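To start, the structure under review is shown below, and the notes come after it.
Chain A is the first sequence line, chain B the second, and so forth, proteins listed ahead of strands; every chain is numbered from 1. Please read all numbers here as calculations on a predicted model, not as lab measurements.
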Amino acid sequence: MAQKRTFQDYEADDDPKKKSKTGEIIREDKQQERDPKRNPYLAHMYNSEDEEDGGVGLNGFASNGQAFNNTYHSYTRGKSLDSFTRHRTTSAQASKAEDGPENPFTGNPLSEKYFGILKTRRNLPVHVQRDEFLKLYQETQILVFVGETGSGKTTQIPQFVLYDDLPQNRGKLVACTQPRRVAAMSVAQRVADEMDVTLGEEVGYNIRFDNKTSSQTILSYMTDGMLLREAMNDHDLKRYSTIILDEAHERTLATDLLMGLLKEVALRRPDLKIIIMSATLDAQKFQTYFALEEDKQAPLLAVPGRTHPVEIFYTEKAERDYLEAALHTVLQIHATEPEGDILLFLTGEEEIEDACRKINLEVDEMIREADAGPMKVYSLYGTLPPHQQQKIFEPAPPPSRPGGRPGRKCIVSTNIAETSLTIDGIVYVVDPGFSKQKVYNPRARVESLLVSPISKASAQQRAGRAGRTKPGKCFRLYTEEAFRKELIPQTYPEILRSNLASTALELKKLGIDNLVRFDFMDPPAPETLMRALEELNYLACLDDDGELTVLGRLASEFPLDPALAVMLISSPEFYCSNEMLSLTALLSVPQIFVRPNNNRKRADEMKALFAHQDGDQLTMLNVYHAFKSPEAQANPKQWCHDHFLSLRALQSADNVRTQLKRIMETNEIQLMSTPFEDKKYYENIRKALVAGFFMQVAKRDGTGKTYLTVKEEQSVLLHPSTVLASDAEWVLYNEFVLTSKNYIRTVTVVKAEWLLDIAPTYYNIDDFKKGDVKTALIRADERIRRKKALKGSR
DNA sequence: ATATGAGAC
């Protein structure tokens with residue numbers, strides 16, 4: 001049992017700088033005069049490219065292959081913007097237009113609801129600085145905007161831009177990117193309401209599988225990945241007059257690539273305005289990165305947020321066991337602190353479920369013995385089905401009897417509550433200081449998840465979750481010294497922690513010739529880039545000069561890992577593109593098999609119904625075909641439940657399949673099947689797998705259970721979930737799972753002859769060092785030669 | 001003899 005600790009053991013952090021900021025405008029670095037042709041302020045004096053050829057900006061493509069409407073806006077607009085001169089407007093002008101009576105963008109009368117929202121909008125912190133914003137926006141090409149939570153930046157800044165940029169007059173639109181789909185959708189809806197327009201008309205959103213924009217759209221919220229896809233087909237993003245990158249501090253892979261790309265586009269398109277929006281105070285990095293001239297930083301505008309102060313407490317000594325300390329702290333809050341909900345950050349599903357059980361037990365005891373108030377404990381993590389995630393928004397339980405101690409809820413969550421989900425009513429945050437993070441080892445070519453200390457920025461974000469509705473408290477289960485000295489300032493951006501094979505292919509398609517010289521905000525390790533290029537070269541997506549091949553160009557059209565894309569594109573050679581289409585989709589969605597802890601045996605029995613002795617991929621395909629049968633489709637929900645399958649995963653695979661099929665058709669890749677009665681039906685599929693995944697093959701090590709991966713010679717085990725009996729000599733795997741042991745998961749039996757035949761460059765026998773693998777390959781090669789000789793002599 | 005964070009095209 002941990003020693004009881006009182007809150008006096010925590011040291012209150014009274015450094016005022018760590019408490020919430022009071023707002024003042026930080027304005028730096030006015031843009032210098034430069035060549036008038038490059039000066040956007042003077043751009044109206046020159047014919048810009050898009051004015052000469054009119055529609056050129058409108059021929060962009062969405063990744064789903066739908067062409068955007070190539071006509072100028074033909075609908076009636078209001079007259080209140082007629083007197084506006086682009087990039088010369090003031091907030092007073094805009095406010096007047098906003099006040100009505102007619103909608104400036106549609107000409108329709110404005111609703112009562114609109115005026116209600118307008119009132120709240122004008123109370124947002126950003127509103128005070130509208131003129132400041134406009135001035136900077138007008139005089140510079142790239143602007144860094146820092147707005148803390150609650151400043152209104154995501155909803156208001158794009159509207160401020162609309163009133164000054166007037167994209168509707170030039171057949172253009174304004175883009176605002178978000179790292180997450182839900183954010184793009186919900187913000188678009190909110191802004192459509194604020195502007196009194198129908199979602200999908202003037203204001204829309206564009207995310208994978210759901211494009212709610214039209215030819216009338218002048219403001220589009222979209223995922224950063226979506227804009228990146230679009231850039232692959234239009235390197236200059238000509239449809240857009242202003243591009244706003246929101247939540248840039250999250251440093252997603254797509255945001256990082258877009259930033260590098262936009263820096264280049266800015267030089268080619270002086271008429272394009274760019275705004276980088278971030279919640280971090282580390283704005284300096286963005287300013288320096290976006291300096292288009294030497295020694296000149298990009299200008300910055302900072303707007304305060306609207307949050308309540310959060311008092312920070314640290315432990316006096318380092319905690320040996322953060323889990324125990326976390327539980328103890330939660331219980332102590334419940335026993336001694338006033339009303340308010342608790343948010344505890346842990347690292348993963350199992351840890352969270354375990355903690356919830358323990359808290360429940362302890363709270364029951366507190367209620368019995370100390371008359372504590374009731375507490376409802378909720379777990380929260382990404383793989384939880386949405387309806388269960390929604391439960392966290394239920395109100396806290398009432399006192400168990402009239403006049404009794406107040407009830408509260410306690411949410412035990414992964415990082416999902418740090419960025420993606422905000423829960424109002426949280427007053428206490430318990431932060432043990434860890435999260436699971438992806439790490440990539442280029443030498444082993446393996447990504448894995450590791451429980452690691454969080455960054456200072458992350459810790460601040462977590463603390464902020466306590467101050468959304470009223471002043472709160474954050475209990476950090478580490479010392480103040482550890483916070484100051486041991487935590488890194490920012491979480492390493494994703495680009496430094498990932499396999500970059502896809503990224504490298506995307507950059508090539510984006511027209512970046514020399515990846516090593518690409519201006520990354522944080523350049524990845526050269527070894528990681530080299531690995532990626534090497535992988536693409538083996539996949540024949542890049543030739544030996546590093547140029548995109550026809551195959552590479554095709555592969556980049558698919559929203560897939562290069563190996564999956566190559567597998568799919570090659571599949572007609574093996575007469576099974578229909579089947580590979582299904583399999584590719586299945587391999588790019590979450591696990592389809594469900595295995596609840598209390599019913600593992602039954603789940604395994606159900607899986608056995610679909611098992612194919614030669615591999616898990618074939619088994620998955622059997623599942624998919626059964627799922628599509630009329631019998632299953634009559635009641636898919638029941639059918640999936642009965643067979644321990646994830647309906648969500650299978651539906652999502654279906655969605656992906658439809659998208660991939662469309663891309664296949666657009667690129668005239670033949671769709672075909674080997675007849676099911678043909679004895680080569682499954683063999684052809686296994687060969688097609690080799691065409692993409694020949695680099696992920698392992699050979700059995702002697703007669704034991706261990707396998708060795710072919711080139712890296714890592715010792716691995718077949719994952720216990722496999723349908724394979726462990727005596728196949730060669731197996732191809734789709735996933736390398738690094739946990740307590742090295743496992744390969746989703747495996748299929750293959751033949752050495754196929755490897756030599758289908759991937760001769762990778763399996764060039766001379767390149768292998770002496771050993772078991774080489775010997776086996778030589779023997780297979782001899783078998784092939786004998787067969788050929790036999791054929792020849794007949 | 002089974003460990004996965006959250007997000008995206």
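- Nearest-nucleotide positions on DNA chain B place A:Ser721 closer to the 5' end than the other of A:Phe558 and A:Ser721.
- Rounded to whole Å, atom P of B:dG5 lies 14 Å from atom CD of A:Gln591.
- When each of A:Pro179 and A:Phe736 is assigned the nucleotide of DNA chain B bearing its nearest heavy atom, the one mapping closer to the 5' terminus is A:Phe736.
- Remark: P of B:dA8 and CG of A:Asp224 are 9 Å apart, rounded to the nearest angstrom.
- Protein atom CG of A:Leu564 is 17 Å distant from nucleotide atom P of B:dC9, rounded to whole Å.
- Rounded to whole Å, the distance from CZ on A:Arg600 to C1' on B:dA1 is 10 Å.
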### Task
Apply the test ring pair (Phe, Tyr, Trp, His ring centres under 6.0 Å) to residues A:His643 and A:Phe610: give CA-CA distance (whole Å), side-chain angles for both, the deciding distance (0.1 Å), then the verdict.
CA-CA 10 Å; A:His643 293 87; A:Phe610 304 102; 5.8 Å; yes

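- If you check every strand for non-hydrogen atoms under 4.0 Å, A:Lys741 touches nothing.
- Checking B:dT2, B:dG7, B:dC9 against every side-chain atom of A:Asp604, the shortest atom distance belongs to B:dT2.
- One cannot find a donor-acceptor pair under 3.5 Å joining the base of B:dG7 and the side-chain atoms of A:Glu250.
- Between the P atom of B:dA8 and the CZ atom of A:Arg208 lies a distance of 11 Å, rounded to the nearest Å.
- Screening A:Asn598, A:Asp604, A:Asn597 for a side chain to side chain donor-acceptor pair (under 3.5 Å) with A:Arg600, the sole residue that qualifies is A:Asn597.
- Rounded to an integer number of Å, the gap from A:Glu350 CD to B:dT2 P is 12 Å.
- When heavy atoms are screened at a 4.0 angstrom cut-off, A:Arg497 is found touching base atoms of the nucleic acid.
- The residue A:Asn597 sits apart from the nucleic acid: no heavy atom pair falls under 4.0 Å.
- For A:Thr414, taking side-chain heavy atoms from C-beta onward, the closest of the listed nucleotides B:dC9, B:dG5, B:dG7 is B:dG5.
- Annotation: cation-pi geometry satisfied between A:Arg462 and A:Phe345 (NZ/CZ under 6.0 angstrom from ring centroid, within 45° of ring axis).
- Side chains of A:Asp246 and A:Gln178: a donor-acceptor N/O pair is present below 3.5 angstrom, by distance only.
- With B:dA3, B:dG5, B:dG7 as the choices, the nucleotide that has an atom nearest any side-chain atom of A:Tyr743 turns out to be B:dA3.
- In the set B:dT2, B:dC9, B:dG5, the nucleotide with an atom closest to the side chain of A:Glu349 is B:dG5.
- Per the geometry, CG belonging to A:Asp616 stands 13 Å off C1' belonging to B:dT2, to the nearest Å.
- For A:Ile416, whose side chain is taken as the heavy atoms from C-beta onward, the closest listed nucleotide among B:dG7, B:dT2, B:dG5 is B:dG7.
- For the atom pair OG1 of A:Thr619 and CG of A:Leu724, the computed distance is 8.0 Å after rounding to the nearest 0.5 Å.
- For a distance-only test at 3.5 Å, the side chain of A:Arg595 qualifies as a donor-acceptor partner of the base of B:dT2.
- In terms of phosphate contacts, A:Thr223 brings a side-chain nitrogen or oxygen within less than 4.0 Å of OP1 or OP2 of B:dC9.
- Side chain of A:Ile207, nearest nucleotide from B:dT2, B:dA6, B:dC9: B:dC9.
- A donor-acceptor contact closer than 3.5 angstrom is absent between the side chains of A:Gln490 and A:Ser455.
- Geometric assessment of A:Lys391 against the ring of A:Tyr378 yields a negative cation-pi assignment under the 6.0 Å and 45° thresholds.
- Side chain of A:Lys705, nearest nucleotide from B:dC9, B:dA1, B:dG7: B:dA1.
- Taking only side-chain atoms of A:Pro720, from C-beta outward, the nucleotide of B:dT2, B:dA6, B:dC9 with the closest atom is B:dT2.
- Using a 4.0 Å heavy-atom cutoff across all strands shown, A:Leu449 reaches at least one base atom of the nucleic acid.
- Regarding contacts with the backbone of B:dC9, a side-chain N or O of A:Arg181 is found under 4.0 angstrom from either OP1 or OP2.
- For the OP1/OP2 pair of B:dG5 and a distance below 4.0 Å, the side-chain nitrogens and oxygens of A:Thr347 include no atom meeting the criterion.
- Between A:Asp246 atom CG and B:dG7 atom P there is a gap of 16 Å when expressed in whole angstrom units.
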